[in-house]
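Written out below as structure tokens is the structure these notes cover.
Whatever order the structure lists ligands and atoms in, that order sets their numbers, starting from 1. All values derive from a computational prediction rather than experimental measurement.
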Amino acid sequence: MSDPIKIAPSILACDFGRLGEEVRTVAEAGADWIHVDVMDGHFVPNLTIGPPVLPAVKAATDLPLDVHLMIEAPERSIADYVANGADRIGVHVETCPHLHRTIQQIHGLGKAACVVLNPATPAESIEAVIDDVDQVLVMSVNPGFGGQAFIESVLPKCERIRGWIEASGRDVDLEIDGGITTETIGRARRAGVNAFVAGTAIFGKRKEGEPLPGLAEYREAIQNLRRAAEA
Ligand code: DX5
Ligand code: ZN
């Protein structure tokens, strides 16, 4: 596995009242990508942010925005996300009946195309497009919320997909999202994953009355994840 480890903090777990500052701080703390969770309240049972929020994130960092679309019919709004600053676009295979066309659409806009699989979606659902994508994202929780427990049974699926990537000889990132902590990241790494989304493990669980975490805490959290991934 040649790919260096990438850590993608999920802003879902940050303080939205200080969005720009949180993004700037986590970038300074050593993040590689900024992971943006877009939820529509239909495909997943939660509603988050849409295109108008992306420029605020973009203005705070030069890091690539890794935009995870948990929305029905993503092809209708991909252009909006790109126009507002998305660099990498992830679409769920469960939402794309014309998956190859949607990947072409993302490439046509000059951006990196990522296909995303829910925990119960088999690896085979993306086998036919492995030579066309830049990134595969395996969900290790059912999408919709941060702070859920890691689903171990997705690891064999990661191993299989890594095998296909190696066979293709192309430089494709294999990312995992959900329940990534210093406890779980090593197992995902050994299953062939090289990019790790982490919300709660970096931004922490906010508690009333406690001081807000900042640069030192985020830097330590990111370093601990990198160390645990290589252990
Ligand atoms: C879940 C989102 C994740 C989430 C991860 O639907 O796609 O990106 O923010 O949060 P943690 O790391 O807390 O599981
Ligand atoms: Zn996500």
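- Those atoms of ligand 1 with a heavy atom of Val197 less than 4.0 angstrom away are 8 (O).
- With respect to atom 5 (C) of ligand 1, the closest heavy atom belonging to the protein is Asp177 OD1, 3.5 Å.
- Residues Ile176 and Asn194 have side chains not in contact (no heavy-atom distance under 4.5 Å, counting atoms from C-beta outward).
- Taking 4.0 Å as the cut-off, Ala13 does not count as a neighbour of ligand 1 on heavy-atom distance.
- Nearest residue to atom 12 (O) of ligand 1 from Pro9, Ala8, Ser140, Gly199 is Gly199 (criterion: closest heavy atom).
- Residues Arg187 and Glu152 are paired through a salt bridge, judged by an N-O separation under 4.0 Å between the basic side chain and the carboxylate.
- At a heavy-atom cutoff of 4.0 Å, ligand 1 is contacted by the side chain of Leu12 but not by its backbone.
- Put simply, the side chain of Val172 does not reach to within 4.5 Å of the side chain of Asp134, judged on heavy atoms.
- Each of the atoms 8 (O) of ligand 1 lies under 4.0 Å from some heavy atom of His35.
- Shown in contact with His68 at under 4.0 Å from a heavy atom are these atoms of ligand 1, numbered in order with element: 7 (O).
- Within the 4.5 Å cutoff, no side-chain heavy atoms of Val154 are placed close to those of Met139.
- Those atoms of ligand 1 with a heavy atom of Pro143 less than 4.0 angstrom away are 6 (O).
- Close contacts between ligand 1 and Met139 involve ligand atoms 7 (O) [criterion: under 4.0 Å to a heavy atom].
- Of the N or O atoms in Ile180, none lie within a sub-3.5 Å distance of an N or O in ligand 1.
- With Lys6 contributing its side chain and Ala31 its backbone, the two residues share no donor-acceptor pair below 3.5 Å.
- In this structure a side-chain-to-backbone donor-acceptor pair under 3.5 Å is present from Glu94 to Asn118.
- Counting heavy atoms under 4.0 Å from ligand 1, residue Ser10 touches it through the side chain alone.
- Using a 4.5 Å cut-off on side-chain heavy atoms (C-beta onward), Met39 and Leu12 make contact.
- For atom 11 (P) of ligand 1, the nearest non-hydrogen atom of the protein is Gly147 N, 3.6 Å.
- The shell of residues lying under 4.0 angstrom from ligand 1, judged by heavy atoms, excludes Ala201.
- The ligand atoms of ligand 1 that sit less than 4.0 angstrom from a heavy atom of Met70 are 6 (O), 7 (O).
- Inter-residue side-chain proximity for Asp37 and Val67 is flagged as unmet; no heavy-atom pair is nearer than 4.5 Å.
- A salt bridge links Arg88 with Asp173: the closest approach of a Lys/Arg side-chain nitrogen to an acidic carboxylate oxygen falls below 4.0 angstrom.
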Next on the checklist: Go through it in stages, so that I can follow the logic: the residues are Cys114 and Val133, the test is side-chain contact (heavy atoms from CB on, under 4.5 Å), and I'd like the CA-CA distance, side-chain angles, deciding distance and then a yes or no.
Outcome noted: CA-CA 6 Å; Cys114 169; Val133 296; over 6 Å; no
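- Aromatic ring pairs are classed by plane angle as parallel below 30°, tilted from 30° to 60° and perpendicular above 60°; the pair Tyr218 and Phe203 is perpendicular.
- Counting the atoms of ligand 1 from 1 in the order shown, those under 4.0 Å from a heavy atom of Gly178 are 14 (O).
- Atom 14 (O) of ligand 1 has Gly179 N, 2.8 Å as its closest protein atom, hydrogens excluded (heavy atom only).
- Of the protein's non-hydrogen atoms, Gly146 CA, 3.5 Å is the one closest to atom 10 (O) of ligand 1.
- Within ligand 1, the atoms closer than 4.0 Å to a non-hydrogen atom of Asp37 are 2 (C), 3 (C), 4 (C), 7 (O), 8 (O), 9 (O), numbered from 1 in the order shown.
- In summary, the side chains of His107 and Asp132 do not present any donor paired with an acceptor at a separation below 3.5 Å, with no hydrogens or angles considered.
- Looking from atom 6 (O) of ligand 1 to the surrounding protein, the closest heavy atom is Gly144 N, 2.8 Å.
- On a distance-only criterion, Met39 and ligand 1 share no N/O pair closer than 3.5 Å.
- With hydrogens and angles ignored, the 3.5 Å screen pairs a side-chain donor or acceptor of Asp15 with a backbone N or O of Gly17.
- Put simply, the side chain of Ile222 reaches to within 4.5 Å of the side chain of Val26, judged on heavy atoms.
- Side-chain contact between Glu175 and Val138 is absent, with no heavy atoms from C-beta onward closer than 4.5 Å.
- The protein heavy atom nearest to atom 1 (C) of ligand 1 is Phe145 O, 3.5 Å.
- Not a single N or O atom of Ala198, backbone or side chain, sits closer than 3.5 Å to an N or O atom of ligand 1.
- Of the protein's heavy atoms, Thr200 OG1, 2.4 Å lies nearest to atom 13 (O) of ligand 1.
- The side-chain heavy atoms of Leu117 and Ile126, taken from C-beta on, include a pair separated by under 4.5 Å.
- In this model, no donor atom of one side chain and acceptor atom of the other lie less than 3.5 Å apart for Asn224 and Thr182.
- Distances under 2.8 Å from the Zn ion (ligand 2) pick out the protein N/O/S atoms His35 NE2, Asp37 OD1, His68 ND1, Asp177 OD2.
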